[in-house]
*Asks:* 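Submitted below is the structure of interest, expressed as structure tokens.
Each ligand, and each atom within it, is numbered from 1 in the order the structure gives. This chain uses plain numbering: 1 for the first residue, then up along the sequence. Values reported hereafter were calculated over all heavy atoms of this structure, with side chains retained and with hydrogens, waters and symmetry mates removed.
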Amino acid sequence: MARYIFITGGVVSSLGKGLMAASLAALLQARGYRVRIRKFDPYLNVDPGTMSPHQHGEVYVTDDGAETDLDLGHYERFTGVASRQSDNVTSGRIYKTIIERERRGDYLGATVQVIPHVTDAIKAFAQDETDDLDFVLCEIGGTVGDIESLPFIEAIRQLRNDLGRGQTVSIHVTLVPFIAAAGELKTKPTQHSVRELAALGVQPDVLVCRSERDLPAGERAKIAQFCNVRPEAVIPALDAKSIYAVPLQYHREGLDVEVLRAFGIEPGEAPNLARWDDIVERITNPEGEVTIGVVGKYMGVPDAYKSLTEALTHGGIANRVKVNIRWLDAELFERDDEEEVTAVLEPMHGILVPGGFGERGSEGKIAGVRFARERNVPFFGICLGMQMACIEGARTQGVKDASTTEFGPTEEPVVGMITEWMTGEGIQKREEGGDLGGTMRLGAYTARLGGNSVVASIYGSDEISERHRHRYEVNTHYKPVLEAGGLVFSGMSPDGSLPEIVERPDHPWFVGVQFHPELKSKPFDPHPLFASFIEAAVKQSRLV
Ligand code: GLN
């Protein structure tokens, strides 16, 4: 039977619980255990799909088409275990299920309540599809003390009882702030947070203490005494230079050993962390660097492009170079000032137009595509970025009003709404003006690649599966015009109806993809398109 590790956070948010969970899972995996990480989000949205990146950062899409929290991206990048819909649940989804059941009459006249109905649903979610696992790590979003997270903490309390001794461990992540005026680290917030959690019936077994300074033995002992844990189970967690150094750092601080001990498992031999050593070595000692200009919209919100940032870093790892990302606000390029565009883009070794929604900044993105095409700078267009590359291509072929129906009615819909597509379950249909939540073409779909195409040689295959999240699609009606302008449709859906990849074989590196390759890239297995794009950027860096 799987064992459960519950991870809660206290004092403040943004303590890196997700990264801690991902790192611990990687360490357990390196010891030969089978792991899966799950995220409970206490908010009332059914999923983060309708939330703005300003609010919530990136929406991470799974193979099975779930729109999930960006922490699932960390989980997958650190463990290589593909996340599923069943790995992320929100209060909204739980209430929705319960209310639907209530309306069907499934509760047979009972009063429907938080305990037991909501807590039972949370417990069922935690235990769903876990037969083949050694450890299930469940991260609870938010901070202990939030009203919203109470049912989740209560469900953990019950599960700890239900499953019995040795089957669950509770880890609490807290902050030990340094107060400059006193010149001291303060343990009081941690004490209060643990007391709050204990008052809800959950005594933590391991404390992870995020701090800017080393946690001296005295402070560790003090936390242990007040919080009722062994001093060795107070794990200091200082900021790391790279997120990929975090597993090694937690291992040095004894996290994996303490968690196993808390389960009563003898830790045995040290885990094999060669994979992580190699990644950190490549990141710390790069042999060169390249600068990639990302022309997008949510520039003040680094989390909005989390997977993209990581995938570019992975491309750097593959080529042993440091990748500097310049976030360029597309709106800056909309002033029709060619000199300005040139001044900003000329130093770039590669230009990337990422996914996005809405018209704002689109003309700037098109200007970015044009610069890359005309100046032979490596270009990578992802989702909306591919659509912009096609609109740019059409305009240069004389289709002056080329646009997408996403931005409003147009005479030249080079990009239009997809209303039908094939899934494993048959044809999916959508209507204009339908619901926004969960109605995009989502998740993994297969694409066939042209035999002699650039992308087939990059992938080393003529059939791929990649994750999608879009509502609009390049209109094949314009294929002849675009091809006349040198844009090759090198990847199509298996039935040939939906364009998946376009490329310009006469350009040093110009690829647009309708899917999101960044979601599947891993530090120990960089995505081929990102590895190849950065390789092209390295070549470009030798020219400029
Ligand atoms: N807005 C575009 C669409 O819905 C692109 C989506 C994206 O970039 N993820 O098709």
*Asks:* Who's the nearest protein heavy-atom neighbour of atom 10 (O) of ligand 1, and how far?
*Replies:*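 It is Tyr472 N, 2.8 Å.
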*Asks:* Under a 4.0 angstrom heavy-atom cut-off, which atoms of ligand 1 come close to His470?
*Replies:*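 So the answer, numbered in order with elements, is 3 (C), 4 (O), 6 (C), 10 (O).
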*Asks:* So is Leu384 polar-close to ligand 1, meaning N/O to N/O under 3.5 Å?
*Replies:*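 There is such a contact, yes.
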*Asks:* For the side-chain contact (heavy atoms from CB on, under 4.5 Å) test, which of Ile292, Val323, Val538 pairs with Phe533?
*Replies:*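 That would be Ile292; it is the only one of Ile292, Val323, Val538 passing the side-chain contact (heavy atoms from CB on, under 4.5 Å) with Phe533.
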*Asks:* Just heavy atoms, cut-off under 4.0 Å: does Met440 contact ligand 1 by side chain, backbone, both, or neither?
*Replies:*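 Near ligand 1, Met440 shows nothing, with every heavy atom at 4.0 Å or more.
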*Asks:* Considering the heavy atoms of Arg469, write down every atom of ligand 1 situated less than 4.0 Å from one of them.
*Replies:*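 In order of numbering, the contacting atoms are 6 (C), 7 (C), 9 (N).
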*Asks:* For atom CD of Glu374, is the number of surrounding heavy atoms from other residues, nucleotides or ligands below 6.0 Å larger than 12?
*Replies:*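 Yes, enclosed.
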*Asks:* What is the nearest protein non-hydrogen atom to atom 4 (O) of ligand 1, stated with its residue, atom name and distance?
*Replies:*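 Protein heavy atom with the smallest distance to atom 4 (O) of ligand 1: Arg471 N, 2.9 Å.
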*Asks:* Cation-pi between Arg38 and Phe125: NZ/CZ under 6.0 Å from ring centre and within 45° of the ring axis?
*Replies:*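 The answer is yes, since Arg38 meets both limits relative to Phe125.
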*Asks:* Can you check side-chain contact (heavy atoms from CB on, under 4.5 Å) on Leu345 and Leu328, steps first, answer last?
*Replies:* CA-CA 9 Å; Leu345 290 181; Leu328 306 171; 3.6 Å; yes
*Asks:* Quick check: does Gly356 get an N/O under 3.5 Å from an N/O on ligand 1?
*Replies:*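 Among all N and O atoms of Gly356, at least one is under 3.5 Å from an N or O of ligand 1.
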*Asks:* Within less than 4.0 angstrom of ligand 1, does Gln514 place any heavy atom?
*Replies:*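 No, Gln514 has no heavy atoms under 4.0 Å from ligand 1.
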*Asks:* Taking distance alone, with no angle check, do Glu473 and ligand 1 share an N/O pair under 3.5 Å?
*Replies:*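 Between Glu473 and ligand 1 (N or O atoms, distance only) the closest approach is not under 3.5 Å.
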*Asks:* If we count only N and O atoms by modelled type, under 3.5 Å, do the side chains of His516 and Glu58 hold a donor and an acceptor together?
*Replies:*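 There is no such pair between these side chains.
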*Asks:* Could you list which atoms of ligand 1 come closer than 4.0 Å to a heavy atom of Gly355?
*Replies:*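 With Gly355 as reference, the close atoms of ligand 1 come out as 8 (O).
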*Asks:* Would you say the rings of His314 and Phe530 are close, in the sense that their centroids are separated by under 6.0 Å?
*Replies:*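 Distance test on ring centres: not under 6.0 Å, no.
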*Asks:* Considering only non-hydrogen protein atoms, determine which one is nearest to atom 7 (C) of ligand 1 and report residue, atom name and distance to 0.1 Å.
*Replies:*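 The closest heavy atom on the protein side is Cys383 SG, 2.9 Å.
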*Asks:* Starting from atom 1 (N) of ligand 1, which protein heavy atom do you reach first, and at what distance in Å?
*Replies:*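 Here the nearest protein heavy atom works out to Glu406 OE1, 2.7 Å.
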*Asks:* With no hydrogens and no angle check, do the side chains of Arg469 and Tyr60 hold a donor and an acceptor under 3.5 Å apart?
*Replies:*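 No pair is found: no donor N or O on one side chain lies under 3.5 Å from an acceptor on the other.
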*Asks:* Give me the one residue out of Glu518, Glu76, Arg77 that meets side chain to side chain donor-acceptor pair (under 3.5 Å) with Ser307.
*Replies:*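 Testing each of Glu518, Glu76, Arg77 against Ser307, the sole residue satisfying side chain to side chain donor-acceptor pair (under 3.5 Å) is Arg77.
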